[in-house]
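Residue numbers run from 1 in the order of the sequence given. Read the numbers this way: they start at 1 and go in the same order the structure lists the ligands and their atoms. Values below: every heavy atom of this structure, side chains too, minus hydrogens, waters and symmetry copies.
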Amino acid sequence: MSALDGLIVLVVEDHDFQRHTVVRMLRSLGAREVLEARDGRHAITLMRDALPMIADVVVCDLDMPNMDGMEFIRHLAETESQASLIISSAKERALLSSVEQMANAYGVKLLGVIEKPVTRARLDGLIAKHKAPTPEALTQSQQLALIAPSFSLDDILRGLEYQFEPFFQPKVHIATGQIVGAEALARWRHPEYGIIAPYAFIAPLEHSGNINALTFAMLEKAAVACRKWRAAGLNCNVSVNLSLASLSDTTLADQISNTVKGAGLALNDMTLEVTETIAMTNVAPALENLTRLRMRGFGLSIDDYGTGFSSMQQLTRIPFTELKIDQSFVRGCATNAMLRPIVESSVEMARRLNLKSVAEGIETQDDWDALKAIGCDVAQGYLVSKPLDESAFVAFCLAHKAAAPTGAR
Ligand code: C2E
Ligand code: MG
Ligand code: MG
């Protein structure tokens, strides 16, 4: 049975001969239906008009008149089509790699890139990666975005009184497979809408000057949870995200230290994660706070490394203990020739600066294997586990410990 059995494929290619060749290949491989378009504009019209006959897979050239491949990808994302995409092109690898990034950034499911000429084997191999969309294929945030309404600041502040809690996502030491910590990620357990992820409440809290209410609730709950894990014999550290908006108040370090101490956790069992866009904020008080927090024993992590400004400068100014490589570089690093060197050099830089390297967003075994080969210290991602509520996290740790992993996940 071919990977193409029963699929509807759309081929977008301006060159008649090449388009006919690909269409023939797809038909002979068993596609249910093959649609053809001469450029992006024609393809978008077809996709709209062909409803409900929606393409499962689109094979698209880059260099076309009227609407080129890049613009088509943007429109494809806007149609909210669930089609997977294959790019075919004769352009050089570096260019294809940035188109790949762009497609990912637009949220288009990219199966891969074929350097022309297209072959049957390559087409079949890439289409085999196509999965019909299932609710599980969506990220937690995307699933929630489908159902969650937007909330007013008043709703959020009322919710903050009793309904917010940290979920915990395991961080695993890659070489030994042991769980070494967890990142606390804020969740709103809404009585009507269920679990709401941070996209719905962080920005309104930050913009209205109310983010500290969340920060301190998270610090306290995460500290209490971590104290209990340690008392139960789980050798875990906990990480909490700090908003840059909080760092301009120079009393912050004292307030954080008191909250965590008050919850009974040793300060060096907690790591505080800050994003590297700190360069854009009020630098002097932020430096004062972060240096004081480090002096007191907190670990300091530079989050989403590689996405902000002046990353290198931040590394020299702030006494970080951990470098978290952003998921946009980690996801696909095993196969994407442009991502891997970025991950390699981030890990190498962390090593030289004596920082722990953490890769976030690991979803596949291939990426795990690549990071292990590169020598990254710690992994966090859906491959190990999604963020879990506290009791599910403890159960996960106990089951993981009982399985006594040695060197593997
Ligand atoms: P972050 O600190 O970079 O956290 C990692 C995000 O990536 C989390 O999203 C996590 O669920 C998600 N993630 C982890 N592994 C994977 C994976 O393999 N695949 C995919 N697709 N996603 C993965 P989440 O929980 O939605 O949080 C988003 C952001 O919200 C966080 O990014 C952080 O910046 C912010 N945030 C969360 N909790 C807090 C908080 O208590 N305070 C503040 N200030 N910000 C928070
Ligand atoms: Mg984080
Ligand atoms: Mg991050």
Side-chain angles (χ1 to χ4, degrees), residues 104-105 107 109 136-145 148 156 159-160 164-172 181-188 195-207 209-223 225 237-247 252 256 259 270-278 281 299-308 311 320 322-333 346 357-368 371 378-389 393 409:
N104 284 330
K109 276 182 293 175
E136 296 76 46
L138 304 176
T139 65
Q140 218 166 359
S141 294
Q142 282 171 331
Q143 287 175 31
L144 293 163
I156 298 171
L160 249 178
F164 277 62
E165 64 185 272
F167 269 37
F168 297 99
Q169 189 177 32
K171 292 166 83 173
V172 176
E183 177 171 10
L185 294 156
R187 295 290 183 270
W188 180 0
I195 305 295
I196 309 290
Y199 71 90
F201 51 80
I202 300 275
L205 287 172
E206 279 183 341
H207 296 149
N210 285 294
I211 191 70
N212 278 357
L214 175 71
T215 307
F216 283 96
M218 290 291 291
L219 284 165
E220 179 168 10
K221 289 181 179 173
N237 174 297
V238 73
S239 300
V240 176
N241 291 283
L242 274 195
S243 166
L244 296 179
S246 307
L247 284 167
L252 184 85
I256 292 180
T259 303
M270 182 176 280
T271 297
L272 300 168
E273 300 193 358
V274 285
T275 51
E276 54 171 323
T277 37
I278 195 167
T281 66
L300 287 186
S301 177
I302 182 164
D303 205 355
D304 304 338
Y305 181 75
T307 59
S311 318
F320 284 112
E322 178 181 285
L323 182 152
K324 265 185 117 162
I325 307 164
D326 190 67
Q327 9 189 323
S328 58
F329 304 114
V330 171
R331 198 169 304 122
C333 70
S346 305
S357 48
V358 181
E360 69 178 16
I362 301 187
E363 293 184 356
T364 66
Q365 186 67 44
D366 282 354
D367 287 344
W368 172 284
L371 285 152
V378 172
Q380 180 183 339
Y382 290 179
L383 181 70
V384 176
S385 169
K386 286 191 172 177
L388 303 168
D389 70 21
F393 174 74
R409 204 169 32 92

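For a threshold of 3.5 Å applied to N or O pairs, the pair formed by Arg187 and ligand 1 contains at least one separation below that value. Close N/O approach between Glu206 and ligand 1 is not found [any backbone or side-chain N/O within under 3.5 Å].
Not close to ligand 1: Lys324, with no non-hydrogen atom less than 4.0 angstrom away. Heavy-atom separations between Thr215 and ligand 1 are all 4.0 Å or longer. Within the structure, the closest approach of Arg331 to ligand 1 falls below 4.0 Å when heavy atoms are considered.
Within ligand 1, counting atoms from 1 as listed, the ones closer than 4.0 Å to a heavy atom of Gly381 are 15 (N), 18 (O). Applying the 4.0 Å criterion to heavy atoms of Gln169 picks out, from ligand 1, the atoms 10 (C), 14 (C), 15 (N).
Rounded to the nearest 0.5 Å, atoms OH (Tyr382) and CD (Glu360) are 10.5 Å apart. The structure places OG of Ser239 at 11.0 Å from CE of Met218, a figure rounded to the nearest 0.5 Å. Rounding to the nearest 0.5 angstrom, the gap separating the CG atom in Asn237 from the CD atom in Glu183 is 11.5 Å. The CD1 atom of Ile202 sits 7.5 Å away from atom CG of Asn241, with the distance rounded to the nearest 0.5 Å. The CG atom of Asn210 sits 6.0 Å away from the CG atom of Leu205 when rounded to the nearest 0.5 Å. Here Ile325 contributes atom CD1 and Leu371 contributes atom CG; the two are 7.0 Å apart, rounded to the nearest 0.5 Å.
Residue nearest to atom 37 (C) of ligand 1, selected from Ser246, Ser243, Pro198, Ser385: Pro198 (by heavy-atom distance). In the candidate list Glu360, Gln327, Glu363, Met218, Gln327 is nearest to atom 13 (N) of ligand 1, counting heavy atoms.
Between Glu273 and Lys324 there is a salt bridge, since a side-chain N of the basic residue sits under 4.0 Å from a carboxylate O of the acidic one. Salt bridge annotation for Glu322-Lys171: present, with a cationic side-chain nitrogen under 4.0 angstrom from a carboxylate oxygen.
Counting heavy atoms closer than 4.0 Å to ligand 1, residue Thr275 contributes nothing at all. For Ile202, every heavy-atom contact with ligand 1 shorter than 4.0 Å involves the side chain, none the backbone. The proximity of Pro387 to ligand 1, defined as any non-hydrogen pair under 4.0 Å, is limited to the side chain. If you look at Ala186 next to ligand 1, the close heavy atoms, those under 4.0 Å, come from the backbone and the side chain alike.
Within the protein, the N, O or S atoms sitting under 2.8 Å from the Mg ion (ligand 2) are Glu183 OE2, Asn241 OD1, Glu273 OE1, Asp303 OD2.
Side-chain N/O atoms of Gln380 and Gln169 include a donor and acceptor closer than 3.5 Å.
Among residues two or more places apart in sequence or in another chain, the side chain to side chain contact (heavy atoms under 4.5 Å, CB included) test is passed with Ser246 by Ile211, Asn212, Thr215, Ser243, Leu252.
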Quiz item: Ser328 and Asp326: side chain to side chain donor-acceptor pair (under 3.5 Å), yes or no, with the steps?
Solution: CA-CA 5 Å; Ser328 58; Asp326 190 67; 2.7 Å; yes
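The aromatic rings of Phe164 and Trp188 lie parallel to each other, their planes meeting at an angle below 30°, with 60° marking the opposite boundary.
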